[in-house]
Structures are given as C-alpha cells and as structure tokens.
Visitor: 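Let me give you the structure first, and then I'll get to my questions.
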Amino acid sequence: MARGLAVAWAVLGPLLWGCALALQGGMLYPRESPSRERKELDGLWSFRADFSDNRRRGFEEQWYRRPLRESGPTLDMPVPSSFNDISQDWRLRHFVGWVWYEREVILPERWTQDLSTRVVLRIGSAHAYAIVWVNGVDTLEHEGGYLPFEADISNLVQVRLTAQMSPGPVSDFYTLPVGIRTVAVTESQFLINGKPFYFHGVNKHEDADIRGKGFDWPLLVKDFNLLRWLGANAFRTSHYPYAEEVLQMCDRYGIVVIDECPGVGLALPQFFNNMSLQNHMRVMEEVVRRDKNHPAVVMWSVANEPASHLESAGYYLKMVIAHTKALDPSRPVTFVTNSNYAADKGAPYVDVICLNSYYSWYHDYGHLELIQQQLTTQFESWYKTYQKPIIQSEYGAETIVGFHQDPPLMFTEEYQKSLLEQYHVVLDQKRRKYVVGELIWNFADFMTEQSPTRVLGNKKGVFTRQRQPKSAAFLLRERYWKIANETRYPYSIAKSQCLENSPFT
Ligand code: GCB
C-alpha cells in the first residue's frame with residue numbers, strides 16, 4: 001500500500017497513472033491507452049488545517065511520517081473542492097496557512113510488481129504551494145495553483161510493496177468496513193443496542209443547483225457538515241435509495257437511516273395489482289441486497305403515502321412488508337402514511353408507524369393555533385389503535401428565504417418557524433411516551449415539476465437549495481442539540497471530526 005501525503009491549501013484533481021513508456025520532459029494530459037492506465041485519486045481525503053500560531057506544527061512534528069490520524073483529529077475533505085466552502089467552521093472559512101491532505105491508495109498489483117512499469121503521481125492543481133510526500137518521502141514541490149505537476153514514484157511504491165508482499169498466490173481481495181449493532185422495536189420504543197433511540201433528523205432529496213439529481217462528493221460533505229451543525233442524528237432517504245457513498249458516510253458518522261424504496265405515488269386503485277406487487281417485491285430485493293451491510297440502515301420503508309385506505313392496498317402492503325421481513329429479519333419495516341388512523345389498511349403490518357401531516361399548511365392553512373390540538377389528536381388516535389411507536393415522518397411549511405412578516409403569514413420565514421414551534425410543543429409531550437422520532441420536511445429546498453403550489457420547486461427546506469440556513473434552521477439546531485445532549489446518544493465520531501462548535505456559525 002502506498003500512502004501519499006499532499007500539503008496544499010487546496011488539492012485539485014490528483015491522479016495516479018502507470019505507463020510502460022516514459023515521456024521525457026513532456027506534460028501530456030494522462031489519457032488511457034493499451035499501455036497506460038489511470039487511477040483517479042478524487043474523492044474523500046483526510047484533512048487538517050494547521051492552526052498553530054506559526055502554522056508550522058505539521059513540519060515540526062513531522063505529520064508526513066505517519067498516517068495523519070495518528071497525529072490528531074482529521075476531517076473528511078472532498079477532492080477536488082475548496083475547503084473554505086465545505087465547512088461550517090468559520091475558522092476554516094477564513095483560514096490562511098498550511099493545510100494537510102492525506103490519502104491512502106492501494107495500487108494495482110501489476111504497477112508494484114512489474115518493475116518495468118513506470119508509476120507517476122500527478123496533481124492536477126493545488127493552491128498555492130504544495131509539498132507532496134509519498135510513503136513519508138518528500139517527493140514533489142510546486143508553487144502556484146492552477147497548473148499540473150507530477151513525479152515518477154515507481155521506486156517508492158515498487159520497493160516498499162515488493163518488501164510487503166506475502167508469499168503464495170492471492171487471487172482476490174475485498175475489504176468491507178463493518179459495524180455491529182442491534183435494532184429492536186417495542187410497543188413504545190425504538191431500540192438501538194438495547195437503548196431507546198429518538199430520531200431527530202430530516203428528510204432529504206438528492207438534489208442541488210446545476211447538477212440536479214446526481215452524486216457529488218463536495219455536496220455530500222457539505223450536507224453532512226450541515227447535518228452535524230443541526231445536531232441531526234437521522235434521515236429518511238425520501239423517496240428512493242440514495243447513492244451508496246451516502247450510506248458509507250452514514251456508517252462512518254453514526255447517522256441513522258430509514259432506507260426507502262421508490263414506492264412513491266401509489267395513489268390510484270389500479271396501481272395495487274399483481275404485476276405491480278411482483279415488481280415492488282423485486283425492487284425491495286434489490287434494495288435489501290445492496291444496502292443490508294450498512295449498520296446505519298435501521299429500518300426499511302417500502303413506500304411513501306400509498307393510498308393505504310384502500311382494501312387492495314392493505315393486501316398489497318401486507319405482501320411487500322412480509323417479503324421484506326423475510327429478506328431481512330433483522331430490521332423493522334414500515335411505510336410512510338398520510339391516511340387516517342381509522343381507515344389505514346397497511347398499518348397493522350408495520351413495526352413503526354410513520355406519519356406525514358401538514359397541519360396549518362395543506363389543512364386549515366394559516367391556522368397555526370389549531371396545530372397543537374390536531375397533532376395531539378393524531379398521535380393519541382394512532383397510538384390507541386395500534387400501540388406501536390410513532391415517527392412524525394414529515395411536517396413543514398413552504399418558505400421563501402427573505403420573506404418576512406409579523407404576525408406570520410404563509411411563505412415567510414416567521415411562519416415556518418411558528419409552525420415548527422407548534423409541532424414541537426406536542427412532540428415534546430409525546431416523545432417521552434411513544435413518539436420515537438421527528439423528521440422535518442425538508443432538509444433543503446429542491447426542484448420539482450412546476451405547479452400552482454410550487455414556487456420554483458419545493459421550498460419547505462430549512463436550508464435553501466444552495467445550502468444556506470433559513471431562520472427555522474437555527475430553531476431546529478437549538479432543539480436537536482438539546483435533544484442530543486439529553487438523550488446522550490454517541491456523538492463521538494461527529495465530535496472528533498469537529499474542529500470547534502463555533503458560536504458564530
Ligand atoms: C408529501 C410528500 C413529499 C412532498 C411533500 C410536500 O407529503 O411525501 O414528497 O414533497 O409532501 O411538500 O408537499
């Protein structure tokens with residue numbers, strides 16, 4: 001294994017490439033060919049800014065000699081990106097000085113075994129002065145950003161790896177990080193490792209400006225920094241399974257996931273037929289097969305807001321839930337409902353009742369004063385009927401950032417805050433009894449089809465689509481950290497990643 005350590009203010013687009021032919025003096029863009037292979041080093045790097053007074057502690061303590069994590073806490077930093085924009089730490093936003101990036105790389109065997117192969121480390125661009133160590137050896141320096149620089153590292157990786165090779169033929173290696181925990185549900189609790197767990201989190205979407213729905217490391221790290229800023233401990237993958245990298249991050253950061261399949265929009269009677277059922281079960285097989293090894297995933301959600309008041313939906317949901325339980329007997333199964341407690345035909349089959357309600361938004365809009373009574377009735381009716389733990393899986397209000405009005409009117413930041421506050425009064429009464437979670441709709445504004453109820457998309461985010469906080473985000477932050485401190489759920493990983501909880505963010 002080769003360990004490359006790059007020092008820079010920002011590292012952009014590094015990659016390793018191996019080739020049989022040396023190109024003297026040139027700086028060609030590394031293109032693959034039958035004789036040339038590339039290994040991209042983009043993705044998550046370990047990162048630390050040197051906050052010491054002279055900014056030289058890293059050199060004095062020789063951080064390049066050992067894995068970076070051994071000399072102190074590190075952050076995950078996506079490459080390529082600008083570290084200033086990703087973090088919620090104001091000190092990083094304005095940081096000037098040395099920052100350290102580190103990435104462990106496993107090279108293909110041929111690169112390290114075949115001594116005629118030339119291995120070149122190329123940094124696409126790093127601002128503003130870069131020093132690169134490979135396996136602790138000072139290999140490369142470069143001044144000025146924007147332009148690529150490279151070095152032949154064949155000797156470094158080939159010598160060491162030859163020495164490390166164990167004898168005997170090895171045909172295949174696969175490494176899988178593991179985490180071990182138990183999940184269980186009682187009449188009124190959701191237990192993780194035998195302890196009551198309260199979901200205080202969000203619903204998300206895979207969505208952002210320009211990229212739309214698509215995986216993006218800088219966006220993902222930004223979102224995780226914001227989740228930590230909020231004090232959130234959970235999210236639902238509304239309304240489809242997210243990229244696998246997202247779940248890998250959840251495993252590492254201790255964020256708990258309700259993993260939802262794309263069973264959305266089952267609103268009409270004709271959808272509950274046998275063909276659709278077979279297809280739904282097959283999709284659940286794919287979801288479970290892909291995600292079962294993620295300890296972060298604690299529950300499967302087979303659908304969002306199906307027309308579960310229909311008889312045919314009852315049978316359909318019973319079958320999908322039973323199938324999912326058979327595929328994975330270790331996790332509870334649910335679907336998310338917006339039906340009435342007395343009419344819902346699927347609720348008898350779920351382990352946890354997940355309720356969406358939009359009091360004072362889609363119902364009795366403008367009447368914030370009705371929320372407490374309506375929400376209390378909602379919880380009490382469901383619990384009396386089913387004696388199962390309940391999660392408020394959606395609630396929220398459309399809010400256009402910068403709109404203000406007092407007394408609050410719909411679409412203003414004040415209205416969103418007031419609506420949340422009303423929900424929280426009741427959630428606080430019931431969370432000590434049988435309500436085991438609250439997930440705001442939504443983490444961030446997101447694009448939708450146009451319609452009379454959407455103003456350039458869905459604006460129920462507590463963050464804008466550009467990931468900036470609305471007033472409600474600060475309200476939620478105070479609440480979630482308070483609950484986190486009360487329930488004392490392990491925030492150890494999150495905290496060790498935190499440089500500081502700044503009062504200014
Ligand atoms: C819901 C849906 C969600 C919508 C949300 C809304 O009940 O589950 O997909 O985006 O309401 O804002 O209307």
Side-chain angles (χ1 to χ4, degrees), residues 199 201-208 212-213 234-242 257-268 271 280 299-310 313 317 334-341 343-344 346-347 350 352-366 368 371 374-375 378 382 390-401 403 410-413 415-420 422-423 437-465 470 472-473 476:
F199 297 74
V202 302
N203 292 273
K204 286 186 96 264
H205 260 303
E206 292 187 306
D207 172 84
K213 190 189 293 300
F235 65 80
R236 172 167 68 122
T237 67
S238 44
H239 297 309
Y240 39 83
Y242 291 178
V257 175
I258 301 173
D259 201 351
E260 189 158 274
C261 94
V264 192
L266 292 166
L268 302 173
F271 293 158
H280 204 139
M299 181 155 65
W300 307 109
S301 163
V302 302
N304 179 65
E305 299 186 350
S308 48
H309 58 282
L310 300 171
L317 288 164
T334 190
F335 74 92
V336 171
T337 184
N338 63 346
S339 295
N340 179 276
Y341 74 96
D344 200 297
V350 300
V352 174
I353 293 186
C354 288
L355 302 177
N356 292 352
S357 59
Y358 285 91
Y359 300 126
S360 204
W361 191 261
Y362 292 125
H363 312 279
D364 300 302
Y365 52 83
L368 296 165
I371 291 177
Q374 291 176 329
L375 191 61
Q378 169 200 279
W382 277 94
I390 300 176
I391 294 176
Q392 182 69 40
S393 42
E394 285 184 29
Y395 69 107
E398 216 73 35
T399 308
I400 298 171
V401 71
F403 274 25
M410 292 175 82
F411 295 99
T412 65
E413 299 200 31
Y415 193 88
Q416 187 183 33
K417 267 179 70 179
S418 305
L419 186 144
L420 264 52
Q422 294 301 310
Y423 264 81
E438 56 188 87
L439 306 174
I440 187 88
W441 190 267
N442 189 285
F443 171 71
D445 293 346
F446 58 93
M447 194 40 78
T448 63
E449 259 188 345
Q450 60 182 346
S451 86
T453 59
R454 300 291 184 245
V455 189
L456 282 183
N458 190 310
K459 292 281 190 289
K460 293 198 186 73
V462 292
F463 295 99
T464 63
R465 203 180 185 209
K470 301 178 188 174
L476 215 55

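All values reported here derive from a predicted model rather than from experimental measurement. This chain uses plain numbering: 1 for the first residue, then up along the sequence. As the structure lists them, so they are numbered: ligands from 1, and atoms in each ligand from 1. Computed over heavy atoms, backbone and side chain alike; hydrogens, waters and symmetry mates excluded.
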Visitor: Under 4.0 Å between a side-chain nitrogen and a carboxylate oxygen: does that hold for R236 and E260?
Guide: yes

Visitor: Q392 and N356: which non-hydrogen atoms are nearest, and at how many Å?
Guide: NE2-C, 4.2 Å

Visitor: Identify the two heavy atoms, one from A234 and one from L439, that lie closest to each other, and give their separation to 0.1 Å.
Guide: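 Minimum heavy-atom separation between A234 and L439: O-CD2, 4.3 Å.
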
Visitor: Quick one: which of Y415, Y365, Y395 gives a side-chain hydrogen bond (donor to acceptor under 3.5 Å, both in side chains) with S360?
Guide: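 It is Y415; the other options fail the test.
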
Visitor: Using the benzene-type ring in the case of Trp, are the ring centres of Y240 and H205 under 6.0 Å apart?
Guide: yes

Visitor: Near ligand 1, which protein residues have a heavy atom under 4.0 Å away?
Guide: H239, N304, E305, N356, Y358, Y362, E394, W441, F446, R454, N458, K460

Visitor: Going by side chain to side chain contact (heavy atoms under 4.5 Å, CB included), name the residues that satisfy it together with Y341, two or more places apart in sequence or in a different chain.
Guide: S381, W382, T385

